[in-house]
Amino acid sequence: MKMAKKSFWAVLALLSCPCHLAVILPLLAGTSVGAYLIRHQSLAIGLFTVLFFCSLMMMIGKRKPMRTGETESGGLGKTGNGHGACCVPFQTNHEDE
């Protein structure tokens, strides 16, 4: 599901890139949308730019950093150090060396 959302935002970013307007406008020629975009090119460029940057941020947006002691599932682990609730922390035995 997460990959499908990222793919959707990637396709939207590709289609709404302002540099692609030179290709998109001739393809829409003869339609009411194309006529509106050609008549109001500065508005179209502005809206497509905002849409492009928003879709880029949604596609490559970073998750907010986790707080100390928080696991990937959102809760605190048994150990309280963020290693996960079901995992036993890896311990090394330095006495053998």
Side-chain angles (χ1 to χ4, degrees):
M1 185 65 165
K2 190 181 263 189
M3 188 64 171
K5 286 181 182 179
K6 295 231 182 221
S7 297
F8 168 76
W9 289 113
V11 169
L12 186 61
L14 181 68
L15 292 176
S16 65
C17 180
C19 64
H20 295 147
L21 270 178
V23 176
I24 292 174
L25 288 178
L27 290 176
L28 294 175
T31 64
S32 58
V33 173
Y36 184 80
L37 291 177
I38 289 174
R39 180 145 174 97
H40 304 285
Q41 282 185 2
S42 60
L43 177 66
I45 290 171
L47 290 176
F48 273 68
T49 303
V50 169
L51 182 62
F52 173 69
F53 282 114
C54 288
S55 58
L56 272 183
M57 297 317 300
M58 293 300 291
M59 182 181 72
I60 62 172
K62 301 200 185 322
R63 296 183 350 207
K64 63 181 183 178
M66 291 190 297
R67 295 177 293 182
T68 305
E70 194 172 340
T71 62
E72 295 254 343
S73 62
L76 291 174
K78 286 181 182 177
T79 59
N81 59 7
H83 285 294
C86 64
C87 301
V88 177
F90 179 68
Q91 297 175 353
T92 57
N93 188 357
H94 294 289
E95 294 176 10
D96 293 337
E97 298 176 3

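The distance from atom OG of Ser16 to atom CG of Leu56, rounded to the nearest 0.5 Å, is 7.5 Å.
Under the 4.5 Å side-chain contact rule for hydrophobic residues, Ile60 and Met58 share a cluster. Hydrophobic clustering, with ILVMFWY side chains joined whenever heavy atoms are under 4.5 angstrom apart, groups Val33 together with Ile45. Connection of Leu28 to Leu21 is established within a shared hydrophobic cluster, with ILVMFWY side chains joined at heavy-atom distances below 4.5 Å, either directly or through further cluster members.
In terms of heavy-atom proximity, Pro18 sits nearest to Thr49 at CG-OG1, 3.2 Å. In this structure, Ile38 and Leu25 approach most closely via the heavy-atom pair CG1-CD2, 4.2 Å. Listed here is the closest heavy atom pair of Lys6 and Met59: NZ-O, 3.0 Å. Among all heavy-atom pairs drawn from Leu15 and Phe48, the shortest one is O-CE2, 4.1 Å. Residues Leu14 and His20 come closest through the heavy atom pair O-ND1, 2.7 Å.
Two residues are said to be in side-chain contact when any heavy atoms from C-beta on lie closer than 4.5 Å; Leu47 and Leu51 fail this criterion.
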- Task: Please step through side-chain contact (heavy atoms from CB on, under 4.5 Å) for the pair Leu43 and Tyr36, ending with a clear verdict.
- Result: CA-CA 10 Å; Leu43 177 66; Tyr36 184 80; 3.7 Å; yes

